[in-house]
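Here is the structure we will look at.
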Amino acid sequence: MVIAERKPWTELRPLEGRMVRLRALEPEDEPRLYEWFNDQEVIATAGGSGYAKSHAQEREWIEKAKNPNFERAEFGVVALVDGELIGTIGLRMTSPENRGANLGLTVGDKSRWNQGYGTDAMRVICRFGFEQMNLHRIELSAYADNRAGIRVYEKVGFKIEGTLRSHAFYGGRYLDGIVMGLLEDELILD
Amino acid sequence: MALMERELIRERPLEGRLVRLRARDLADEPLLWKWINDPEVTQNLMARYPYSHAAETEWLKTQTAPGYGEAGLGIETLVEGRLIGNIGLHRASAEDRRATLGIMIGEGDFRDRGYGTDAMRTLCRFGFAMMNMRRIELDVLATNPRAFHVYEKVGFQLEGTRREALWKFGRWIDIHMMGLHEGELRWD
């Protein structure tokens, strides 16, 4: 494993990794997002609430997210192998003064789990955040029982910074919230 | 940055030695309207056409909540508590960590007495220490050597000149582009 170097872009593909590329979301993506964000198994990995989502809600969410910008850089995750949309990832609530953002990842297509897609998407968006958006810090939170997710976040360099005790009530029990942070130059590319 | 300025930034981030910078309210409109229609003031600005109270009010409404994207402030004297001008960091680019500075001293009695210099230093310090800017840039007309001197005094460097970029008073005027980087701000 080597820490990411500040090497020049060899190819002008700032949103492409080894397995995925990130693109802006389109209104046409709504049916997939509707399916994923009503799938409790998916939502549990993404720190969502248990409420069902309507098509109207998903349309509105895409409407607000479809133009990535500094304050909110939301993307669709596309598998390079077949061009299929497999999830969403975004840097949100970005503060220009603090140069910090909150990261959210959902791999909605469960057939792609545990194959490295999420890890690759994390690396691409963090590199984009640091090298293109000039961020200093990226933060995320995960439910404590999302061990696969936390492992992925640690693999790309995120450090556990604290535990919010009984932070969320989900599925009949309280779950701790794990807060993780990644500073610029801490990103691990492989 | 001198020790005194380091201390000041924590307790009074918007206060200098002669002035404090404050948010403006709609009640300030008559004064601002007077300034922007005063040729003494506008000869050194890009403005050419007169402003109505309606237009000035519309603009002022965009200024009453200073923030990262638009940090426009009023310059108030510490001694008299009098509003004497405007200053601001505009069009901030978060990725590039830079913004464009604009300033005017509207009250003639307060020109050439150090108020503008102090306001410049106070706002630049705020930009670097509170807004996390890395670079502040500004444009100044070549026909305004007093201002150019002030900008140089606080640390701005001449980076280029747009030749005959402005037509005013029946002649072409050059526009100097100046820039100040973090760590280059000078207090004395």
Side-chain angles (χ1 to χ4, degrees), chain A residues 4-9 11-16 21-24 64-75 89-104 122-140 181-187, chain B residues 1 5-6 8-16 20-23 62-73 87-102 120-138 179-185:
Chain A
E5 288 172 48
R6 288 252 165 191
K7 52 192 167 197
W9 295 96
E11 303 166 273
L12 286 178
R13 288 178 187 157
L15 286 170
E16 195 167 303
R21 67 184 166 83
L22 309 185
R23 64 155 169 83
K64 285 180 185 155
K66 70 180 185 188
N67 297 318
N69 56 53
F70 188 81
E71 286 75 25
R72 184 166 183 193
E74 208 79 52
F75 304 98
I89 194 164
L91 293 169
R92 300 156 190 167
M93 294 179 285
T94 310
S95 153
E97 292 92 347
N98 304 326
R99 294 165 61 208
N102 277 58
L103 191 151
M122 289 292 292
R123 286 180 171 141
V124 174
I125 200 167
C126 291
R127 199 173 55 165
F128 186 85
F130 293 132
E131 298 198 1
Q132 302 286 343
M133 295 169 65
N134 207 352
L135 296 182
H136 174 63
R137 171 185 165 81
I138 296 172
E139 184 175 315
L140 61 81
L182 177 78
L183 300 184
E184 57 181 327
D185 299 323
E186 288 178 354
L187 178 63
Chain B
M1 212 183 280
E5 274 65 48
R6 247 183 233 288
L8 273 175
I9 191 68
R10 285 186 154 268
E11 290 174 24
R12 294 183 293 261
L14 286 170
E15 204 169 296
R20 82 166 61 83
L21 309 182
R22 69 155 170 87
T62 70
Q63 298 288 305
T64 51
Y68 190 84
E70 181 62 29
L73 298 158
I87 192 165
L89 289 174
H90 312 287
R91 300 188 292 282
S93 163
E95 292 90 343
D96 306 317
R97 294 172 60 204
R98 68 176 150 80
T100 303
L101 187 144
M120 290 288 296
R121 286 172 170 153
T122 304
L123 184 65
C124 291
R125 184 185 59 183
F126 185 85
F128 294 130
M130 303 297 282
M131 296 170 71
N132 209 353
M133 290 291 165
R134 183 176 160 276
R135 170 182 164 80
I136 294 170
E137 49 195 32
L138 60 79
L180 175 79
H181 283 214
E182 208 175 9
E184 293 175 352
L185 179 62

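These numbers come from the heavy atoms of this one structure, side chains and all, not from hydrogens, waters or symmetry mates. In the text below, chain A, chain B and the rest are named by the order of the sequence lines, each starting its count at 1.
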Heavy-atom pair of closest approach, residues B/Glu95 and A/Gln132: CG-O, 3.7 Å

Interface moiety of B/Met133 toward chain A, non-hydrogen atoms closer than 4.5 Å: neither

A/Arg92 atom CZ, neighbour heavy-atom count above 12 within 6.0 Å: yes

Over all atoms of both residues, closest heavy-atom pair of B/Asn132 and A/Glu97: ND2-O, 2.8 Å

